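Presented below is the structure to which this report refers.
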Amino acid sequence: MKHGVLTLVRLKRRADFLRVARTGRRYAAPGLVLQVAPKAAPGLSCQVEEVEATLGIGFTVSKKVGNAVARNRAKRRLRAVVADVMPGQAAASRDFVLIGRKATLRRSFADLKQDLLKALRQTKSLAAADARAAS
RNA sequence: CCAGACGGCUGGACGGUCGCCGCCAUCUUUUGAUGGGGGAGGAAAGUCCGGGCUCCACGAAAAAGCGGUGCCGGGUAACGCCCGGCGGGGGUGACCCCAGGGAAAGUGCCACAGAAAGCAAACCGCCUCGUUUCGGGGAUUUCGAUCUUCGCACGGGGUAAGGGUGAAAGGGUGCGGUAAGAGCGCACCGCGCGGCUGGUAACAGUCGCGGCACGGUAAACCCCACCGGGAGCAAAACCGAAUAGGGAUGGCGUGUUUGCGUGGCGCUUCGGUGCCGCGGAACAGGCGUGUUCGCGCUGCCAUCCGGGUAGGUUGCACGAGGCGUUCGGCAACGGACGCCCUAGAUGAAUGACCGUCUAUCGCCGCUAAAUAUGGGCCGUGGCGUGGACAGAACCCGGCUUACAGGCCGUCUGGCGCC
RNA sequence: CGGGGAGUGGCGCAGCCAGGUAGCGCAUCUGCUUUGGGAGCAGAGGGUCGGAGGUUCGAAUCCUCUCUCCCCGA
């Protein structure tokens with residue numbers, strides 16, 4: 001089975017964010033901050049085979065970035081970058097949390113993409129090397 | 001043309017690729033797929049008022065307390081909002097600003113300065129009268145003194161014109177009047193009271209009288225009038241997993257004791273008492289933990305019930321709704337008729353990226369006019385820059401605050417031309 | 001959604017309710033003292049009282065609007 005497109009699941013509970021921040025790895029790029037943690041033990045709501053094909057993703061933008069318009073815009077740009085990069089190049093069965101910074105608003109989209117790839121590499125969360133070699 | 005006042009509107013456009021959240025239709029077991037259509041604002045903001053809605057409390061309310069509002073009339077579901085007037089203030093003007101009830105109901109305060117800051121008097125000063133052991137001048141003189149006048153001092157009386165101040169000093173200005181003065185008298189202005197006229201009213205005008213008494217501060221306490229029960233969609237209603245705990249029923253299992261409750265049997269002098277069972281309690285025992293003291297649990301299994309957590313659904317978008325025409329009204333607004341349905345998220349959608357154009361700004365040129373030159377304005381070309389404030393969170397009516405730039409209308413002042 | 005508090009010299013705070021002088025401690029500077037430093041003594045400088053408007057003769061203080069920060073409850 002080739003490395004297919006992963007399904008993104010949004011993290012929505014405060015407990016998930018706290019768990020990722022407490023237990024995971026962390027890398028700060030100029031345009032964003034990435035936190036990674038292994039996926040939580042599957043509950044009854046999600047099955048094991050679903051865990052293998054999904055990855056959780058959550059966004060955090062604090063009040064320091066700006067007003068509501070700036071915070072929403074930062075989250076939208078991060079979401080666009082994630083939709084572009086993560087399904088093909090991120091390792092599965094992990095939870096990611098992206099934190100927006102002030103530079104997220106002004107950084108160019110290509111640089112933002114490079115920031116995310118570098119953060120994935122630094123946190124050893126890229127997809128398996130054979131998958132990259134096969135492509 | 002320049003400067004300004006007021007009111008209203010707008011808040012980048014088009015295209016491409018990839019996405020997000022509801023709705024409708026069809027297919028589909030759930031899931032999902034396809035197609036269609038919709039998807040932020042004038043302030044969505046701040047949360048300063050007024051309501052709807054929901055729950056709670058309450059016999060209806062009233063009073064007290066607390067909070068708020070405060071010229072008059074109108075609009076409105078209501079308002080602290082809006083409209084139109086009145087009064088005061090500012091501006092040459094268009095126009096703008098004002099918490100704008102009551103200070104003879106009471107209390108408080110008015111620093112410094114000043115004689116005095118609130119009951120009006122005291123003080124300095126002014127005027128007048130008197131007295132004397134005072135001093136100067138004049139007159140008379142029997143040279144002892146006497147009379148008179150001025151000044152000082154003291155005492156009595158009359159005054160409030162004046163008294164460096166101060167934000168504010170017991171009406172102001174002028175004339176008369178007086179020993180000196182004073183609303184003491186008069187004229188005008190101000191103030192107060194009463195009448196008349198106009199106006200729904202606030203108020204304005206006018207006439208007469210009073211003769212000045214009544215300082216300011218209520219965004220100081222307060223008084224008067226009016227309004228307000230409390231909380232908020234995380235309100236509230238419904239469904240409801242797992243775990244723990246509660247209750248009921250059944251089965252299995254459980255040592256001792258009982259100043260407890262209860263049932264059965266026996267005795268009874270009918271007050272009780274003996275035995276047995278059940279429940280409760282205590283202890284023992286058991287299990288877990290711990291170095292000790294100690295601490296925690298004490299039934300197990302099955303079925304059912306109720307409360308209720310996470311979570312979910314509803315509340316939730318047809319409403320004091322919008323648009324147009326017309327009628328009434330100066331207007332706010334209201335009536336009638338017609339048309340329309342117009343976001344519904346919940347770690348929170350309504351976008352990300354790219355291209356072209358365009359508003360704006362900067363730089364470099366060109367043309368025309370003018371000029372001694374330079375610079376600026378207008379038009380035009382190229383390059384670069386590049387979209388203000390800001391994101392619905394139950395809904396509505398207001399207020400306040402933020403806002404690049406652009407557009408429209410009405411009006412005012414000034415300059416020039418006809 | 002609801003409630004509360006704070007903003008005053010470089011720092012930490014009084015003063016506000018009952019309006020007229022902005023004060024205290026630490027810090028800074030100068031001088032004395034000491035061999036020198038510290039401590040002590042004497043003196044000095046330094047504040048648009050977060051911002052705007054209003055009430056008042058007069059506002060840090062009273063009223064309205066606004067900005068920033070902090071805390072609490074559901």
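Chain identifiers are assigned alphabetically (A, B, ...) following the order of the sequence lines, protein sequences preceding nucleic acid strands; residue numbering begins at 1 within each chain. As a basis for the values below, the full set of heavy atoms in this structure was taken, side chains included, without hydrogen atoms, waters or symmetry mates. Given the structure is predicted, the values throughout are model-derived calculations rather than measurements.
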Checklist entry - Taking only residues two or more places apart in sequence or in another chain, which ones pass side chain to side chain donor-acceptor pair (under 3.5 Å) with A:Thr60? => result none

Checklist entry - Counting only heavy atoms not in A:Arg101, do more than 12 fall under 6.0 Å of its CZ? => result yes

Checklist entry - Going from CD1 on A:Ile99 to CZ on A:Phe59, what distance comes out if it is rounded to the nearest 0.5 angstrom? => result 12.0 Å

Checklist entry - Under a 3.5 Å cut-off for both distances, is C:U34 Watson-Crick or wobble paired, and to whom? => result none

Next on the checklist: By the rule that syn is within 90° of 0, classify the base conformation of B:G35 as syn or anti.
Outcome noted: anti

Item to check | Any residue meeting side chain to side chain contact (heavy atoms under 4.5 Å, CB included) with A:Lys118, in chain and number order, not counting sequence neighbours | outcome: A:Tyr27, A:Arg121, A:Gln122

Item to check | 5′-ward residue of the pair A:Ala68/A:Ala83 relative to RNA chain B | outcome: A:Ala83

Show the distances under 3.5 angstrom between N or O atoms of the protein and N or O atoms of nucleotides 344-353 of chain B.
| residue | atom | partner | partner atom | Å |
| --- | --- | --- | --- | --- |
| B:G347 | O3' | A:Arg10 | NH2 | 3.4 |
| B:G347 | O2' | A:Leu11 | O | 2.9 |
| B:G347 | N7 | A:Lys12 | O | 3.2 |
| B:G347 | N2 | A:Phe59 | O | 2.9 |
| B:G347 | N2 | A:Thr60 | OG1 | 2.7 |
| B:A348 | OP1 | A:Arg10 | NH2 | 2.9 |
| B:A348 | OP2 | A:Arg10 | NH1 | 3.4 |
| B:A348 | OP2 | A:Arg10 | NH2 | 2.1 |
| B:U350 | OP1 | A:Arg79 | NH2 | 3.3 |
| B:U350 | OP2 | A:Arg76 | NE | 2.8 |
| B:U350 | OP2 | A:Arg76 | NH2 | 3.1 |
| B:A352 | OP1 | A:Arg73 | NH1 | 2.7 |
| B:C353 | OP1 | A:Arg77 | NE | 2.9 |
| B:C353 | OP1 | A:Arg77 | NH2 | 2.9 |

Checklist entry - When rounded to the nearest 0.5 angstrom, what is the spacing between CG in A:Leu32 and CG in A:Asp111? => result 11.0 Å

Next on the checklist: For A:Asn72, give me all partners under side chain to side chain donor-acceptor pair (under 3.5 Å), at least two apart in sequence or on another chain.
Outcome noted: none

Checklist entry - Taking atom P in both B:G185 and B:G211, what distance in whole Å separates the two? => result 8 Å

Next on the checklist: Suppose we define a pair by two distances each less than 3.5 Å, Watson-Crick or G-U wobble; what does C:U61 pair with here?
Outcome noted: none

Checklist entry - Which part of the nucleic acid, if any, lies within reach of A:Asp84 when heavy atoms closer than 4.0 Å are counted: base, sugar-phosphate only, or nothing? => result nothing

Item to check | N-glycosidic conformation, B:G299 - syn within 90 degrees of 0, else anti | outcome: anti

Next on the checklist: If I pick the P atom on B:C239 and the same atom on B:G250, what distance separates them, to the nearest angstrom?
Outcome noted: 30 Å

Checklist outcome for this item: pair_partner(B:A218), Watson-Crick or wobble, both distances < 3.5 Å, evaluates to none

Let me check something: any side-chain donor-acceptor pairs from residues 77-88 of chain A under 3.5 Å, sequence neighbours excluded? List them with distances.
| residue | atom | partner | partner atom | Å |
| --- | --- | --- | --- | --- |
| A:Arg77 | NH1 | A:Thr104 | O | 3.0 |
| A:Arg77 | NH1 | A:Leu105 | O | 3.0 |
| A:Arg77 | NH1 | A:Arg107 | O | 2.9 |
| A:Arg77 | NH2 | A:Arg107 | O | 3.0 |
| A:Asp84 | OD2 | A:Lys113 | NZ | 3.0 |

Next on the checklist: Using O4'-C1'-N9-C4 for purines and O4'-C1'-N1-C2 for pyrimidines, with syn meaning within 90° of 0, is B:G205 syn or anti?
Outcome noted: anti

Checklist entry - When you check the glycosidic angle of B:G271, does it come out syn, meaning within 90° of 0, or anti? => result syn

Checklist entry - If we call it a pair only when both distances are under 3.5 Å in a Watson-Crick or G-U wobble match, what pairs with B:C318? => result none

Next on the checklist: Rounded at 0.5 Å granularity, tell me how far NZ in A:Lys124 sits from CZ in A:Arg25.
Outcome noted: 5.0 Å

Item to check | C1' spacing across the pair B:C95 / B:G205, given as an integer number of angstrom | outcome: 28 Å

Checklist entry - Expressed in whole Å, how much space separates the C1' atoms belonging to B:C214 and B:A103? => result 10 Å

Checklist outcome for this item: Atom CG of A:Asn67 and atom C1' of B:A44 are separated, to the nearest Å, by 13 Å

Checklist entry - In Watson-Crick or G-U wobble terms, both distances under 3.5 Å, what is the partner of B:G185? => result B:C175

Checklist entry - Can you tell me how far C1' in B:C354 sits from the matching atom in B:G39, rounded to whole Å? => result 24 Å

Checklist entry - Would B:G171 be called syn or anti, given that syn covers angles within 90° of 0? => result anti

Item to check | Paired nucleotide for B:A244 [Watson-Crick or G-U wobble; both distances under 3.5 Å] | outcome: none

Item to check | Any side-chain heavy-atom pair of A:Val33 and A:Leu98 under 4.5 Å | outcome: no

Checklist entry - Watson-Crick or G-U wobble partner for B:C394, using a 3.5 Å limit on both distances? => result B:G52

Item to check | Counterpart base for B:C383, defined by Watson-Crick or G-U wobble contacts under 3.5 Å | outcome: B:G362

Checklist entry - Rounding to the closest angstrom, what is the interatomic distance between C:C62 and C:G20 at atom C1'? => result 14 Å

Item to check | Integer angstrom distance from the P of C:C57 to that of B:G101 | outcome: 16 Å

Item to check | Nearest-angstrom distance, P atom, B:G230 to B:A62 | outcome: 14 Å

